[in-house]
Trainee: 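My questions all concern the structure below.
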Amino acid sequence: MNCEMEAVFRRETAVMERKFNPGDIVRHFKRENLSEEEKNANRYLYRIIGPAEHTETGEKLMIYECLYGGFETFARPYYMFMSEVDHEKYPDIKQKYRFEKVEME
């Protein structure tokens with residue numbers, strides 16, 4: 001299997017194995033580098049609104065809302081939302097995936 005096919009296979013496998021539901025709270029991997037003050041302000045925490053489909057292209061998207069700042073709503077390509085962290089670009093990050101569910105106590 002060539003490198004490009006292998007990358008597609010890994011990406012599709014990650015998407016199939018992971019699932020988020022509307023209302024789930026997720027953290028972006030960049031949260032690892034924040035101060036306690038920034039973490040207490042909910043930086044890089046988001047609420048899942050749910051999957052969507054682009055009306056023109058059919059591309060699958062994930063819709064999510066910031067839990068900080070202006071509480072903006074974002075759409076990101078689904079495969080990117082579900083993807084693993086690029087550990088070559090971010091070698092010090094421990095989190096495996098770009099977004100991971102926050103387990104509430």
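Since the model is a prediction, treat every value here as computed from it, not as a measurement.
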Trainee: Nearest 0.5 Å, please: how far is CD in Glu56 from CD in Glu53?
Mentor: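 If I round to the nearest 0.5 Å, the distance is 11.0 Å.
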Trainee: Would you compute the distance between atom NZ of Lys101 and atom OH of Tyr97 and round it to the nearest 0.5 angstrom?
Mentor: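 Going from the NZ atom of Lys101 to the OH atom of Tyr97 covers 15.0 Å.
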Trainee: Linking I/L/V/M/F/W/Y whenever their side-chain heavy atoms sit closer than 4.5 Å, directly or via other members, would Leu61 and Met82 fall into one cluster?
Mentor: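 No: no chain of side-chain contacts under 4.5 Å links Leu61 to Met82.
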Trainee: Under the side chain to side chain donor-acceptor pair (under 3.5 Å) rule, what pairs show up with a residue in residues 87-96, not counting sequence neighbours?
Mentor: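 As it turns out, the side chain to side chain donor-acceptor pair (under 3.5 Å) pairs with a partner in residues 87-96, which skip direct neighbours, are Arg27-Gln95.
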Trainee: Is the gap between the ring centers of Phe99 and Phe20 under 6.0 Å?
Mentor: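 Centroid separation for Phe99 and Phe20: 6.0 Å or greater.
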Trainee: Are side-chain heavy atoms of Met80 and Arg98 found at a separation under 4.5 Å?
Mentor: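 With C-beta onward as the side chain, the pair touches.
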Trainee: If you compare all heavy atoms of Tyr78 against all heavy atoms of Pro51, which two are closest, and at what distance to 0.1 Å?
Mentor: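 Scanning both residues, the minimum pair turns out to be CE1-CB, 4.4 Å.
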Trainee: What residues, two or more places apart in sequence or in another chain, satisfy side chain to side chain donor-acceptor pair (under 3.5 Å) together with Glu65?
Mentor: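 Listed in chain order: Arg47.
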Trainee: Is there a path of hydrophobic side-chain contacts, each under 4.5 Å between heavy atoms, that joins Met62 and Phe74?
Mentor: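 Yes: a chain of side-chain contacts under 4.5 Å links Met62 to Phe74.
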Trainee: Please walk me through it: do Ile63 and Thr73 pass side chain to side chain contact (heavy atoms under 4.5 Å, CB included)?
Mentor: CA-CA 7 Å; Ile63 311 300; Thr73 300; 3.7 Å; yes
Trainee: Mind checking whether Leu67 and Ile25 have side chains closer than 4.5 Å, heavy atoms only?
Mentor: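 Of all side-chain heavy-atom pairs linking Ile25 with Leu67, at least one is under 4.5 Å.
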Trainee: Do Ile48 and Tyr44 land in one hydrophobic cluster if side-chain heavy atoms of ILVMFWY residues count as linked below 4.5 Å?
Mentor: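 Ile48 and Tyr44: one cluster.
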Trainee: Could you tell me whether the side chain of Ile93 reaches within less than 4.5 Å of the side chain of Asp86, counting heavy atoms only?
Mentor: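 When only atoms from C-beta onward are counted, Ile93 and Asp86 do not touch, as no gap falls below 4.5 Å.
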Trainee: Applying the side-chain contact (heavy atoms from CB on, under 4.5 Å) test to Leu34, which of Lys30, Glu37, Arg31 qualifies?
Mentor: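 The residue from Lys30, Glu37, Arg31 that satisfies side-chain contact (heavy atoms from CB on, under 4.5 Å) with Leu34 turns out to be Arg31.
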Trainee: Give, for atom CZ of Arg43 and atom CG of Leu45, the distance between the pair rounded to the nearest 0.5 Å.
Mentor: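 Reported value, rounded in 0.5 Å steps: 10.5 Å.
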Trainee: With a 3.5 Å cut-off and no angle check, do the side chains of Arg76 and Tyr64 form a donor-acceptor pair?
Mentor: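 Yes, Tyr64 and Arg76 have a side-chain donor paired with an acceptor closer than 3.5 Å.
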